[in-house]
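Take a look at the structure set out below.
All ligand and atom numbering here is 1-based and tracks the order in the structure.
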Amino acid sequence: MPKFKLPSGTQDILPADIPLRRYVEETTRRLFELYGYQEIRTPIFEYTPLFVRSIGHTTDIVEKEMYTFLSHQGQVEPDKSKIKGSEDTLTLRPELTAPVVRAYLEHQLAKSNKFQKFYYIGPIFRHERPQKGRLRQFDQIGLEALGSYDYLVDIEIIKLTLLLFQTLGIKGEQLVVNSIGCPKCRVAYQTALKEALAKSVSDLCENCQRRFQHNVLRILDCKNKKCYEIASHLVPISKFLCTDCQTHFNRLTNGLDELKITYQIDPHLVRGLDYYTRTIFEVRHTTLGARNDLGGGGRYDNLVEELGGPPTGAVGVAIGVERTLLALKSAAKDKVTTLPIPKLRVFIVTVDPKARGYAFKLLSQLRERNIPADMDYEGRSLKSQMRLADRLGMPYVMIIGPDEMQKGMVKLKDMQSGREQDIKKEAIYEILFRDN
Ligand code: AMP
């Protein structure tokens, strides 16, 4: 038994798993850049208050799921009560919207152009109970468009999210949309919720009993079975939308209809982060089991201001890479084999150890010419080197001994036909390129 195991809820991404991931990442980059989104990379950790402020005190993420540590003594578990206003603690990012907004403000990116479109790909950390499709470290792909209140941007983000899944070869995804209005609509809604829940407060989970006091809306998003059951009978926010929010939502659904995008309206959909306003959406997939959302997002028109900037409309989406891979594996197994990951073309075999220096130089020259090549580093016998080349599925083996060194030649063996030919060193590139 190995002495050390990987931490619960994390994963090693082994070489065999890389091609599919790269396929997802490269498809993402190509597609998103085509739509004018630029890549952005922010740190793995941020000062804790950024997340508390943006995601919200009473959300699951902030209450239970953040990996937070003191910035001076990384190993010490901080006193949670001190976290809220302090910059002495750092948190491994549990999402990427707030860091992107922070970077947008900190670097005054709006100066050149207020409207900016970003995408990201990177790891996220949440202390959740691990299960299929739910990890403690996972990757998210995301889009953020900052600087516009236009419903067309909501549609662009939704369309691009669906297009990514389609381009990857995923089938059967379902789009669910809703509007959760703006703070103005929520005042009346919160009062209505409180009235409706007043009698059943004691049936709610401990967290929701607190939420009832501080942020009653969050009860709608609780994963506890009993709370979920109670929440599903409550009046939806759609009945409380102000005229502007209702107009925005109508335009959105009309726009989706015009593009022939199929969707369902779920009046009970709310998403787990406090910063959303108006449009919210989720893309679900049936093969994923209990946690069936591949991605989700929405508008967050107040977040930029909340983080110290001017009023700025914004909308985004976050897509889970691991869940996308699960859906992809069930939908398009054959894609995996067609990925353009370079395969090794040639293995250099030395007849005697004296030829190793010469072989190594040749190996570097091949690689400089973009021919994927390798040699033995374990001091194997000639026979064993040949067996290894065979096992690795090398199309060619290049054999080098004292004779070849002296004459500036190599013996090239085609492993499929078994044919061997003595050729001048300079000619090998042409042969290997020709077949590449
Ligand atoms: P969220 O940031 O919670 O809106 O999540 C966006 C997407 O990230 C979800 O639709 C999932 O695909 C993915 N996701 C969220 N939490 C996890 C997790 N714990 N493990 C794996 N993927 C996750």
Side-chain angles (χ1 to χ4, degrees), residues 6-11 13 17 21 24-25 28 42 46 50-51 54-56 58-67 91-101 119-144 154 157-158 160-162 164-165 168 170 172-178 180 218 220-223 266 269-277 279-300 303 314-331:
L6 90 167
S8 173
T10 65
Q11 56 183 343
I13 302 160
D17 303 323
R21 262 178 196 265
V24 170
E25 289 167 6
T28 300
T42 62
E46 298 271 354
L50 175 71
F51 298 119
S54 56
I55 300 171
T58 48
T59 54
D60 272 0
I61 294 181
V62 170
E63 280 180 339
K64 297 186 280 195
E65 296 170 2
M66 297 205 305
Y67 287 95
T91 293
L92 297 183
R93 59 190 195 194
E95 61 103 49
L96 258 157
T97 301
V100 170
V101 172
Y119 77 88
Y120 58 78
I121 305 177
I124 298 291
F125 305 85
R126 291 184 194 168
H127 190 269
E128 293 197 78
R129 201 163 39 79
Q131 62 177 54
K132 182 185 167 198
R134 188 164 70 192
L135 295 150
R136 290 180 174 171
Q137 178 180 335
F138 56 97
D139 279 355
Q140 273 187 351
I141 290 170
L143 293 165
E144 312 290 352
D154 310 26
I157 295 236
I158 291 174
L160 196 43
T161 304
L162 294 171
L164 175 63
F165 295 134
L168 287 171
I170 292 171
E173 70 279 4
Q174 292 150 1
L175 170 67
V176 183
V177 297
N178 192 23
I180 51 164
R218 287 264 63 87
L220 302 177
D221 198 34
C222 183
K223 309 219 167 59
D266 177 355
L269 177 70
V270 281
R271 293 193 49 78
L273 320 172
D274 264 3
Y275 53 61
Y276 285 121
T277 49
T279 311
I280 50 167
F281 67 93
E282 237 170 55
V283 179
R284 299 175 181 158
H285 198 270
T286 44
T287 59
L288 294 178
R291 296 295 297 268
N292 65 357
D293 51 312
L294 281 173
R299 227 169 221 288
Y300 48 92
L303 184 60
V315 51
V317 64
I319 296 162
V321 171
E322 283 71 16
R323 290 194 203 162
T324 301
L325 291 172
L326 286 174
L328 189 52
K329 279 180 190 157
S330 72

Inset, instruction - Collect the protein residues that have a non-hydrogen atom under 4.0 Å from ligand 1 and hand them over in chain and number order. - result: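 Those residues closer than 4.0 Å to ligand 1 by some heavy atom are R126, E128, G133, R134, L135, F138, Q140, R271, D293, L294, G295, A318, G320, R323.
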Legend entry - Non-neighbouring partners of E65 that pass salt bridge (Lys or Arg N to Asp or Glu O under 4.0 Å), sequence neighbours left out: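 Result, salt bridge (Lys or Arg N to Asp or Glu O under 4.0 Å) vs E65: none returned.
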Legend entry - Smallest separation among heavy atoms of T42 and P99, with atom names: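 Between these two residues, the closest heavy atoms are OG1-CB, 3.6 Å.
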Inset, instruction - Locate the shortest heavy-atom distance separating L143 from Y120; write the atom from each residue and the value. - result: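 That would be N-CE2, 4.4 Å.
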Legend entry - Pair T28, Y119: side-chain N/O donor-acceptor within cut-off below 3.5 Å: no
Legend entry - OG1 on T324 to CG on D139, rounded to 0.5 Å: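 One gets 10.5 Å once the value is rounded to the nearest 0.5 Å.
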Inset, instruction - Run through T279, T277, D154 and flag the one making a side chain to side chain donor-acceptor pair (under 3.5 Å) with R299. - result: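 One option only clears the test, and that one is D154.
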